[in-house]
Amino acid sequence: MIDKFVYHFTKDNEPARKVKIGDEVEFKTLDCFSNQITSEDQLIDSIDFDRVNPATGPVYVEGAEEGDVLVVDILDIEINDTGVASTMEGTGPLYNEGDDLRTKLIPIKDGNVIFNDIEFPANPMVGVIGVAPKEGKITNGFPGAHGGNMDCNKIVKNSRLYFPVSVAGALFQLGDLHASMGDGELSGVGLEIGGKVKVKFDLIKDFELNWPVLETEDMWYVIASDDNIETAIKHASKEMQALICNAYNWDMQDVYIYMSIRGSLEICQACKPSSFPVVIRSGIAKDNSKPALIR
Ligand code: CA
Ligand code: ZN
């Protein structure tokens with residue numbers, strides 16, 4: 001079990017462990033507040049922000065080199081029995097100056113979230129997941145081409161992710177589990193919770209990929225981000241178009257039309273005004289007569 005925490009994605013992080021392709025690797029994670037919130041009297045602004053968004057790792061994947069794609073299978077996600085959700089200063093479309101900010105501790109029982117006087121099924125997911133960028137240091141709170149804080153509620157048990165590798169060993173890390181999170185994560189906070197994640201790695205050699213890709217049972221998604229929503233949509237759509245052209249052997253205009261009649265453009269995160277970029281996913285249904293988009 002890996003339980004070493006880091007706060008940035010960078011090639012300078014010391015690997016917590018070296019792993020091989022096919023190894024099952026277990027990560028213990030803290031919630032995105034490093035478990036600092038233990039009472040509803042604590043507002044988010046009161047905690048130590050140097051310890052926000054811890055990720056566990058990184059792991060050095062033997063054989064991974066720049067230009068490869070790291071394949072990550074989410075084998076299992078276990079969550080604790082209480083999570084934290086809140087509103088935050090200056091965050092999200094419904095925030096108004098002077099609002100009474102609020103923290104809620106929310107129990108999860110038998111797979112259900114207990115919220116006020118209702119219950120609904122939990123959807124354990126991974127918020128922060130990715131690999132080191134080629135240069136520099138990206139805080140775990142931010143998304144990008146390396147992955148990071150994508151806050152995509154489809155990153156769940158049995159999903160598979162593909163990341164462009166920029167440094168030797170990839171330096172993979174993850175954290176920020178949510179027991180549940182709505183598309184958009186409006187207030188900037190999901191149902192934040194600690195737990196454990198089990199993953200397995202594979203590598204694809206020399207494949208051009210510019211943004212992370214998510215594969216679910218029936219869909220492919222490119223996940224991209226930017227401060228400007230139109231630019232984020234463009235990044236995600238362009239990458240999806242290139243992947244389909246390449247895999248299906250169709251030209252760009254046909255793929256554009258295909259995406260327009262069959263695609264699905266969805267929002268992972270949209271909690272502006274805040275400093276967090278908007279995260280978009282461009283989806284396309286799997287088609288049984290066609291090959292995988294990445295292989
Ligand atoms: Ca997050
Ligand atoms: Zn989170």
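Note that the structure is a prediction, hence the values are computed from the model and not measured. Whatever order the structure lists ligands and atoms in, that order sets their numbers, starting from 1.
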Quick check: does H178 have an N/O/S atom under 2.8 Å of the Zn ion (ligand 2)? yes
Output the atom name for the N/O/S atom of E192 with the smallest distance to the Zn ion (ligand 2). OE1
Do N149 and Q269 get their side chains close enough for a donor-acceptor pair, meaning under 3.5 Å? no
By atom name, which N, O or S atom of D176 is the nearest to the Ca ion (ligand 1)? OD2
Inspect the contact between K234 and D226 and indicate whether a charged nitrogen and a carboxylate oxygen are less than 4.0 angstrom apart. no
Would you say the Zn ion (ligand 2) has D176 as a near neighbour, meaning an N/O/S atom of that residue under 2.8 Å away? yes
Any side-chain donor paired with an acceptor under 3.5 Å for Q36 and S34? no
Lys/Arg N to Asp/Glu carboxylate O, K286 vs D218, below 4.0 Å: no
Are the aromatic rings of F5 and F27 close, with centres under 6.0 Å apart? no
The Ca ion (ligand 1): angle it makes with OD1 (N149) and OD1 (D151), nearest 10 degrees: 80°
Hey, is the Zn ion (ligand 2) within less than 2.8 Å of some N/O/S atom on D31? no
